[in-house]
Amino acid sequence: MKVISENRCFGGVQGVYAHESDATACEMTFGLFLPEEAREGPVPLLWYLSGLTCTHENAMVKAGAQGWAAEQGIALVFPDTSPRGEGVADHDDFDMGQGAGFYVNATEAPWAPHFRMWDYVAEDLPDLLARDFALDMERQAITGHSMGGHGALTLAMTYPERYRSVSAFAPICNPTRGDWGRKQLSAYLGEDEAAWRAHDASLLMAEKGFAGPVLVDQGGDDQFLDLLKPETLFEAAARRRQEGSFRIQKGYDHSYFFVSTFMEEHLGFHAEALYA
Ligand SMILES: N[C@@H](CCC(=O)N[C@@H](CS)C(=O)NCC(=O)O)C(=O)O
């Protein structure tokens, strides 16, 4: 693992690190905020999965999460959103290829060799974090924005024993039925739609829900509302009486101004579950 940078931040350290990933077969970069409590021993960990076009950096510099995480004594990890590099497949569209991994393991050419972001977030990066940092991997929670909200919700419902709580900002809720989803799932996973189901938060919510609390915030003036389809997730959650809060925030758009506005509440929500 390479240290790219380490900066003191709210009494802790905001680091950026790079490592060779077995899952994606290329070098991956991630951000990790460690609160000052991590100097004394392992601290709980909140994953933040980012959206389309993002690297590890967008949320790290724009979400305003570190101050609230420091207050709660919680670490934050900001993974990249796809494999990258010259030997890695890409696409001209901003919502395909590099910067748009969709948190799946691609099975189709030309994506299959590197686009394994599900394994990267579920296996590879957790192994490295547990080995090299003072993190209590028995106390993890997960959140994300847009494509990252989709990743957070699908990972949490697949591994309910791992994550104590899940939240999302403007998640892609029903990718098997929307243009942010069908395009990418068919390219990465192929035309057999049965393979897509494990990556649809609304279908997973209807089938199994989540064992812990869920918090979802969605901007009412989000320019991508028709692609995100929050109503599908909210309906599925209501139907199964899922524990949680599913909120439309009037006037907010899709940007990090929206994400940063509600970050304090999301950190407080996760802290409650992580310290229960
Ligand atoms: N570039 C796209 C939008 C992509 C976009 O809004 N990405 C969101 C996540 S889906 C994001 O976080 N962008 C990076 C940022 O705001 O820093 C467009 O203009 O239509």
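By convention here, the first residue in the shown sequence is residue 1. Read the numbers this way: they start at 1 and go in the same order the structure lists the ligands and their atoms.
Contact detail for Pro113 and Ala25: the closest heavy-atom pair is O-CB, 4.0 Å. In terms of heavy-atom proximity, Leu49 sits nearest to Ala152 at CD1-N, 3.6 Å. Across every non-hydrogen atom of Pro160 and Phe210, the tightest pair is CA-CE1, 3.9 Å.
Legend: residues meeting side chain to side chain donor-acceptor pair (under 3.5 Å) with Thr261, ordered by chain and number and at least two apart, are absent.
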Between ligand 1 and the protein, tabulate every N or O atom pair separated by less than 3.5 Å, reporting distance only.
unit_1	atom_1	unit_2	atom_2	d
ligand 1	7 (N)	Leu52	O	3.0
ligand 1	16 (O)	Lys62	NZ	3.3
ligand 1	17 (O)	Asn58	ND2	2.8
ligand 1	17 (O)	Lys62	NZ	2.6

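Taking the charged nitrogens against the carboxylate oxygens, Arg139 and Asp136 do have a contact shorter than 4.0 Å, which makes a salt bridge.
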Could you walk me through whether Phe133 and Tyr17 satisfy the ring pair (Phe, Tyr, Trp, His ring centres under 6.0 Å) test, starting with their C-alpha distance in whole Å, then the side-chain angles of each, then the deciding distance to 0.1 Å, before giving a yes or no?
CA-CA 12 Å; Phe133 296 97; Tyr17 308 93; 5.1 Å; yes
